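Input: a single structure, listed below in structure tokens.
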Amino acid sequence: DGEEIHGLVLSKISSDVKKRKAASLIASMAKISEDEALKLTDRTIVPVLRGVSKAYAEACLQKFETANISGRVTTRRA
């Protein structure tokens with residue numbers, strides 16, 4: 001049995017206000033610039049985190065959900 005590796009992706013964000021809010025959160029979580037994070041928000045599926053614990057991914061998802069930005073925790077076997 002392989003170890004599970006978790007990540008976090010967001011669904012497409014259409015609102016500019018939500019994109020800016022998401023970019024701010026992504027920048028702090030993924031340790032990238034807000035400009036880089038803002039570019040990610042234009043994608044259909046927005047990658048936020050990869051290779052983190054399930055608890056951390058779920059805690060981060062909660063912050064996006066509080067801002068009415070939907071996403072999901074992903075799980076892969078290593």
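Worth saying up front: this structure is predicted, and the values here are computed from it rather than measured.
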Could you report the tightest heavy-atom contact between [X] and [Y], atom names first, then the distance?
{"X": "A67", "Y": "K21", "answer": "CB-CG, 3.8 Å"}
{"X": "A23", "Y": "A37", "answer": "O-CB, 3.3 Å"}
{"X": "H6", "Y": "T75", "answer": "ND1-OG1, 3.1 Å"}
{"X": "L49", "Y": "M29", "answer": "CD2-O, 3.8 Å"}
{"X": "I13", "Y": "A22", "answer": "CD1-CB, 3.7 Å"}

Side chain to side chain, [X] and [Y], heavy atoms closer than 4.5 Å:
{"X": "C60", "Y": "V48", "result": "no"}
{"X": "I26", "Y": "E36", "result": "no"}
{"X": "T66", "Y": "K63", "result": "no"}
{"X": "I32", "Y": "L40", "result": "yes"}

Is it true that E4 and R76 make a salt bridge, defined as a side-chain N closer than 4.0 Å to a carboxylate O?
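No, E4 and R76 are not salt-bridged.
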Tell me whether K18 contacts the main-chain N or O of I69 through its side chain, where contact means a donor paired with an acceptor under 3.5 Å.
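Here the side-chain-to-backbone pair does not exist.
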Pairwise distance [atom1]([X]) to [atom2]([Y]) - rounded to 0.5 angstrom:
{"X": "K19", "Y": "K12", "atom1": "NZ", "atom2": "NZ", "answer": "6.0 Å"}
{"X": "L61", "Y": "K54", "atom1": "CG", "atom2": "NZ", "answer": "11.5 Å"}
{"X": "S15", "Y": "R20", "atom1": "OG", "atom2": "CZ", "answer": "7.5 Å"}

Side chain to side chain contact (heavy atoms under 4.5 Å, CB included) partners of S53, counting only residues at least two apart
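Result, side chain to side chain contact (heavy atoms under 4.5 Å, CB included) vs S53: A55, Y56.
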Can you name the one residue among I5, L8, V9 that meets side chain to side chain contact (heavy atoms under 4.5 Å, CB included) with T74?
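It is V9, the one option of I5, L8, V9 that forms the side chain to side chain contact (heavy atoms under 4.5 Å, CB included) with T74.
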With clusters defined by side-chain heavy atoms of hydrophobic residues (ILVMFWY) lying less than 4.5 Å apart, directly or transitively, does L38 cluster with L10?
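No, L10 and L38 fall in different hydrophobic clusters.
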